[in-house]
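Notes to accompany the following structure.
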Amino acid sequence: MIRTVHASDIGRVRSVNEDSVWIGATRHGYTLGIIADGMGGHQAGETASRLALETMRNNLDGLEPELQDEALRDALSAAILEANSTVFREASGDDKYHNMGTTVVAVLLNGSNGYIGHIGDSRAYLIKDSAAVQLTEDHTLVNELFKNGQISVEELDNHPRRNVLTRALGTDAEVEVDMAPIALLPGEILLLCSDGLSNFVTNEHLGKVAGIHEISLEERADRLLQLALLAGGGDNISVALLEHHGEAAVPETKEWD
């Protein structure tokens with residue numbers, strides 16, 4: 001029913017890929033997708049995103065089968081909060097990891113229904129009829145300024161402090177997780193990405209490329225990466241695509257490794 005793919009690229013500027021990305025099936029058949037974009041220096045950022053992803057995967061792999069609605073929500077939220085504690089504890093115990101943290105955007109599905117959880121500015125989009133609708137709200141300074149009417153929509157992409165986060169995973173002992181339900185209909189696609197994609201590729205192009213059903217999900221993911229690279233590739237780029245193919249489709253999710 002749900003076909004998935006994920007891809008990541010170091011970009012044209014960075015020396016290390018601080019993004020961690022994974023998507024696949026848990027032991028009892030839930031679909032789990034995670035993108036984490038680390039920060040705090042190349043070693044610290046890479047460590048933060050890896051720790052967050054590994055903690056969440058380990059936490060959610062053993063979920064009992066056939067959980068519904070609020071149980072799925074609670075499980076995903078708890079996994080993200082555990083990841084926050086893990087990264088914060090590691091950062092507090094080693095000077096070289098001081099102030100490290102990461103964004104996270106994740107989805108947990110039972111069939112085609114589930115929840116999205118996120119912290120930071122990695123995003124989730126719904127792709128429908130070749131249009132991209134952003135489902136998450138960036139936890140950034142510029143977004144707060146925009147909501148308060150202090151800057152215009154045109155200034156969002158060019159503000160000198162556009163990369164300043166107001167919320168991140170692992171930088172504080174406690175953090176709030178934004179949660180939202182998701183129900184994919186046949187033909188719809190959920191796109192998860194780091195800001196290395198969303199900062200360089202417009203919503204219009206995200207929708208058009210991810211919505212090309214005549215080519216494989218793998219090719220669509222690669223085309224999105226190439227668009228970000230052609231636009232400068234100024235950051236690490238990560239994307240995950242989850243496509244609802246209807247009841248008769250054969251899932252292409254990767255097995256847990």
Side-chain angles (χ1 to χ4, degrees), residues 2 4 6 8 19-23 31-39 48-49 52-53 56 60 72-81 83-84 101-109 112-128 131-148 153 156-157 159 162-171 175-185 188-207 210-211 221 224 228 235-244:
I2 303 293
T4 69
H6 66 274
S8 189
D19 288 358
S20 294
V21 53
W22 188 87
I23 193 166
T31 300
L32 174 65
I34 306 167
I35 290 181
D37 179 357
M39 61 187 190
S49 66
L53 187 147
M56 292 177 63
L60 294 168
L72 281 179
R73 182 189 189 280
D74 292 345
L76 181 57
S77 178
I80 295 174
L81 291 175
N84 183 77
T102 183
T103 71
V104 67
V105 61
V107 63
L108 179 64
L109 298 176
S112 57
N113 300 309
Y115 275 85
I116 298 166
H118 97 284
I119 301 171
D121 62 354
S122 292
R123 293 179 177 177
Y125 293 87
L126 178 66
I127 311 297
K128 181 179 181 180
V133 177
Q134 186 175 336
L135 301 177
T136 52
E137 181 178 320
D138 294 346
H139 301 140
T140 58
L141 175 61
V142 294
N143 191 45
E144 290 299 318
L145 294 174
F146 172 69
K147 289 193 298 181
N148 293 331
V153 65
L156 280 172
D157 294 332
H159 195 279
R162 64 185 179 278
N163 294 323
V164 176
L165 297 177
T166 56
R167 200 189 308 176
L169 186 152
T171 56
V175 69
E176 181 181 354
V177 184
D178 282 3
M179 302 292 299
I182 179 72
L184 290 175
L185 298 176
E188 293 182 342
I189 299 161
L190 180 66
L191 184 156
L192 309 180
C193 68
S194 62
D195 66 344
L197 182 68
S198 57
N199 281 349
F200 292 87
V201 181
T202 65
N203 284 16
E204 180 182 6
H205 284 107
L206 290 178
L224 289 170
D235 200 350
N236 307 142
I237 312 156
S238 295
V239 61
L241 300 174
L242 302 88
E243 183 173 36
H244 190 321

[X] to [Y] - nearest heavy-atom pair and separation:
X	Y	answer
Ser194	Asp19	OG-OD2, 2.9 Å
Lys128	Glu188	CD-OE2, 3.2 Å
Ala168	Met39	CB-CE, 3.3 Å
Gly196	Ala228	O-CB, 3.8 Å
Met56	Ala106	CE-CB, 3.6 Å
Thr136	Ala124	OG1-N, 3.1 Å

Q) After noting the C-alpha distance and the side-chain angles of Asn143 and Thr140, does the key distance pass the side-chain contact (heavy atoms from CB on, under 4.5 Å) rule? A) CA-CA 5 Å; Asn143 191 45; Thr140 58; 3.2 Å; yes
Q) Residues in salt bridge (Lys or Arg N to Asp or Glu O under 4.0 Å) with Arg167, at least two apart? A)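 If we apply the salt bridge (Lys or Arg N to Asp or Glu O under 4.0 Å) test to Arg167, skipping adjacent residues, the hits are Asp178.
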pair [X]-[Y]: side-chain heavy atoms closer than 4.5 Å:
X	Y	answer
Leu192	Val239	no
Ile116	Leu135	yes
Thr166	Val164	no
Asp138	Arg123	yes
Leu108	Leu60	yes
Leu190	Val107	yes
His6	Ile23	yes
Tyr125	Leu206	yes

Nearest 0.5 Å, please: how far is [atom2] in [Y] from [atom1] in [X]?
X	Y	atom1	atom2	result
Leu169	Ser122	CG	OG	11.0 Å
Gln134	Leu126	CD	CG	12.0 Å
Asn236	Ile35	CG	CD1	12.0 Å
His118	Glu137	NE2	CD	7.0 Å
Leu109	Leu72	CG	CG	8.5 Å
Asn203	Leu191	CG	CG	10.0 Å

Q. Does anything in residues 189-202 pair up under salt bridge (charged side-chain N to carboxylate O under 4.0 Å, His left out), and if so which pairs, sequence neighbours excluded?
A.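 Of all non-adjacent pairs touching residues 189-202, none passes salt bridge (charged side-chain N to carboxylate O under 4.0 Å, His left out).
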Q.
Run the side-chain contact (heavy atoms from CB on, under 4.5 Å) test on Leu197 and Leu224 for me, step by step, so that the C-alpha distance in whole Å, both residues' side-chain angles and the decisive distance to 0.1 Å come before the verdict.
A. CA-CA 8 Å; Leu197 182 68; Leu224 289 170; 4.1 Å; yes
Q: Mind running side-chain contact (heavy atoms from CB on, under 4.5 Å) on Leu165 and Asp121 for me, showing each step along the way?
A: CA-CA 7 Å; Leu165 297 177; Asp121 62 354; 3.6 Å; yes
For the backbone of [Y] and the side chain of [X], can you confirm whether one donor and one acceptor N or O come within less than 3.5 Å of each other?
X	Y	value
Ser8	Ile237	yes
Thr103	Asp37	yes
Asn84	Gly170	yes

(Q) Could you go through His244 and Ile2, starting from their C-alpha distance and side-chain angles, then the distance that decides it, and tell me whether this counts as side-chain contact (heavy atoms from CB on, under 4.5 Å)? (A) CA-CA 5 Å; His244 190 321; Ile2 303 293; 4.0 Å; yes
